[in-house]
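Taking it in order: structure first as C-alpha cells, then the write-up.
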Amino acid sequence: VVAPTAAEGVDPADAAAQIRAESGADFGLAVGPLPPPESAGAAPGDVVLAIAGADGVRRHLFPYTGHPDIRQARTAKQALNLLRLQILNG
C-alpha cells in the first residue's frame, strides 16, 4: 500500500496508521520526508520513521547522515530495523 508522503502534507505517523488500516497488516511503516540535499557546509536534517501496530503509532527521529550515495539506502535499513525490533519486542 502506498500512502501519501509527508511531502504531500501527511504526517508519517498518520501514513503508517493508514497503511496498516488499509492493508489489514499487523504493522504499517512510513518514512518521510527525506531532507533536501545539504547545501555547502549545512548539516543534513533528520528523517521521521513511524510504525503503527496494535498498540498505536510510534515516531522515531533519525539523523539523515552519511555519504550522499548511501543515505537513502541507510534510511530504508533503519526503517526495516525499526520494524524488526518492534516484532521482536512485541
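- In terms of heavy-atom proximity, I19 sits nearest to G28 at CG2-CA, 4.0 Å.
- A pairwise comparison of heavy atoms in A30 and A16 identifies CB-N, 3.7 Å as the closest pair.
- Rounding to the nearest 0.5 Å places CG of N89 at 9.0 Å from CZ of R84.
- A side-chain donor-acceptor contact under 3.5 Å links R71 to the backbone of G66.
- Without hydrogens or angle criteria, R20 side chain to D26 main chain gives a donor-acceptor distance under 3.5 Å.
- Just one residue in the list V31, L61, D11 forms a side-chain contact (heavy atoms from CB on, under 4.5 Å) with V48, and that residue is L61.
- No path of Ile, Leu, Val, Met, Phe, Trp and Tyr side chains, each step under 4.5 Å between heavy atoms, connects L85 with F27, placing them in separate hydrophobic clusters.
- There is a path of hydrophobic side-chain contacts, each under 4.5 Å, that joins F62 to L83.
- Rounding to the nearest 0.5 Å places OH of Y64 at 12.0 Å from CG of D46.
- Here the rule is side-chain contact (heavy atoms from CB on, under 4.5 Å) with Q86, and of L29, I51, N81 only I51 fits it.
- Among all heavy-atom pairs drawn from G32 and V47, the shortest one is N-CG2, 4.2 Å.
- Rounding to the nearest 0.5 Å gives a distance of 9.5 Å between CG of L80 and CG of L49.
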